[in-house]
Trainee: 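Take this structure first; my questions come after.
Remember, it's 1-based here, ligands and their atoms both numbered in the order they're listed.
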Amino acid sequence: MTRPLQNRRILLVIGGGIAAYKALDLIRRLRERGAQVRPLLTKGAQEFVTPLAAAALAGERAHTDLFDRAEEADIGHIKLARDADAIVVAPATASLMARMATGDSSDLAATVLLATTLPILIAPAMNVRMWQHPATQRNLATLRGDGVRVVGPNEGAMAEAEFGPGRLAEPAEIADAVETMLAEARPASGFGFLAGRGATAEAASGPLAGRRVLVTSGPTHEPIDPVRYLANRSSGRQGHAIAAAAAAAGATVILVSGPVAIPHPPGVQVVPVETARAMLAAVEAALPADLAIFAAAVGDWRPAETRASKIKKDGSAPAPLALVENPDILATIAGRSAGRPRLVVGFAAETDRVLENARAKIARKGCDLIVANDVSPAGGVMGGTANTVHLVGRDGTVETWPTLDKDEVGRRLIQRFARLLDP
Ligand code: C5P
């Protein structure tokens, strides 16, 4: 059986951070899938893992320093920058991202990243506040604009007892993203690799070839304390089916998903998030897009305060749970004056007066189309596999579809959106 990354050559740049130890596991995962991995450790990385450990796991020499004479004679930095099918940076620290975004070449890792035209995937990992800082977000936008792929960071407990986005994506997720990137990139031959960065149009065919599609899916979890959260019953099935259909139609798809128990759709880059605020940040980081479909069941409210330790039952009456409103992701993106996706689609999960509410919602949210469905418990839509949808246009027109499997709804919606983008 051929493995998904059989004979693919990955240069793995390991940045300096507590998450560097996970890069060792990533080497294992990539090799399990058939890849050849050549590690390159920054100076910072060597504070956390040794070149020897990386080399032992990779079965290849680990590279470390720009001015290592033996290295330059043996395999120079330009050769390192070319002699692979893709470069993966994990963990990508704030500093490495900044160096990449500004074209700095002050060490071997940065030099290789500047000298390369190979497809690049970064897996950022850093403190929450460093991740959320406008400087990092600016660098991220620059890197995306340069065609760099991004996986993670995930949300969760961090080394400094903080909570939020900043954790390195899991090694299996990074390996999945490598597979997706290589599947979309043109086979590496000579200098053909620029195509691997952004031009997926050649590799893909279908009504959305060359288009970038953003989908949100699943519920959000809004933490009350480290063990409790507010959530809803969304399974993510409809959003995931739409993302899968968009990828099958040739699009580059970024799926920003709340916590779900279903598998990642094939050929899709998944950004896992937990909270509405993290979902908004991930959506903004994923733009630009030609088409954005907001199928997530975003929690309208979150606890006003997230306690750092578990709230104890102390015999007295429970403390009331104060809530504050979450940002409206759909309305925020649909209302953008610059960088608004050409087609913005919202969902309306209603239990009463479905069409009336959908018509009001389209105006309130500023989107182009609403996919409305009845989620009354009797219909079994929430969490179920079938769906009955109504397409509501800005002018109030309604098209009601028969009850269909969610996968089929996804395919038909994508066909419709492709026609709207390309009449
Ligand atoms: O306001 P309501 O939840 O009914 O609107 C549903 C639509 O708005 C869906 O497309 C959903 O993904 C989106 N939404 C959002 N952010 C929120 C609430 C809803 O993007 N905070």
Trainee: Of the protein's non-hydrogen atoms, which lies at the shortest distance from atom 3 (O) of ligand 1, and what is that distance?
Mentor: Asp300 OD1, 4.0 Å
Trainee: Just to be sure I'm reading this right: ignoring hydrogens, which of Ala276, Pro327, Ala331, Ser234 gets closest to atom 21 (N) of ligand 1? Compare them by their nearest heavy atoms.
Mentor: Pro327
Trainee: Whether the Thr403 and Thr388 side chains hold a donor-acceptor pair (N or O, under 3.5 Å, no angle test) is what I'd like checked.
Mentor: yes
Trainee: At what distance is the nearest protein heavy atom to atom 10 (O) of ligand 1, and which residue and atom is it?
Mentor: Phe294 O, 2.5 Å
Trainee: Considering only protein heavy atoms, which is closest to atom 9 (C) of ligand 1, and at what distance to one decimal place?
Mentor: Phe347 O, 3.1 Å
Trainee: Any N or O on Lys365 sitting closer than 3.5 Å to an N or O of ligand 1?
Mentor: yes
Trainee: Can you list the ligand 1 atoms lying under 4.0 Å from a non-hydrogen atom of Gly346?
Mentor: 10 (O)
Trainee: Taking the minimum heavy-atom distance to atom 20 (O) of ligand 1, which of Val283, Leu280, Leu330, Thr220 ranks first?
Mentor: Leu330
Trainee: Taking Thr275's backbone N and O only, do any of them form a donor-acceptor pair with Glu222's side chain (distance below 3.5 Å, no angle check)?
Mentor: no
Trainee: Would Ala348 count as a contact residue for ligand 1, given that I'm defining contact as a non-hydrogen atom of the residue lying under 4.0 Å from a ligand atom?
Mentor: no
Trainee: How close does the nearest protein non-hydrogen atom get to atom 16 (N) of ligand 1, and which residue and atom is it?
Mentor: Ile329 N, 3.0 Å
Trainee: Output yes when Arg33 and Asp176 qualify as a salt bridge under the 4.0 Å nitrogen-oxygen rule, no when they do not.
Mentor: yes
Trainee: Within the 3.5 Å criterion, strictly below it, is a donor on Glu170 or Asn154 matched to an acceptor on the partner's side chain?
Mentor: no
Trainee: With no hydrogens and no angle check, just 3.5 Å: does a side-chain donor-acceptor pair link Arg3 and Gln6?
Mentor: yes
Trainee: Salt bridge or not between Asp225 and Lys310? Use side-chain N to carboxylate O under 4.0 Å.
Mentor: no
Trainee: Establish, from distance only, whether the side-chain atoms of Thr102 and Asp104 form a donor-acceptor pair under 3.5 Å.
Mentor: no
Trainee: Looking only at side chains, do Glu350 and Asn373 share a donor and an acceptor under 3.5 Å apart?
Mentor: no
Trainee: To check your reading of the model: name the closest protein heavy atom to atom 12 (O) of ligand 1, its residue, and the distance in Å.
Mentor: Ala296 O, 2.7 Å
Trainee: Considering heavy atoms of the protein only, find what lies nearest to atom 4 (O) of ligand 1 and give residue, atom and distance to 0.1 Å.
Mentor: Lys361 NZ, 2.3 Å
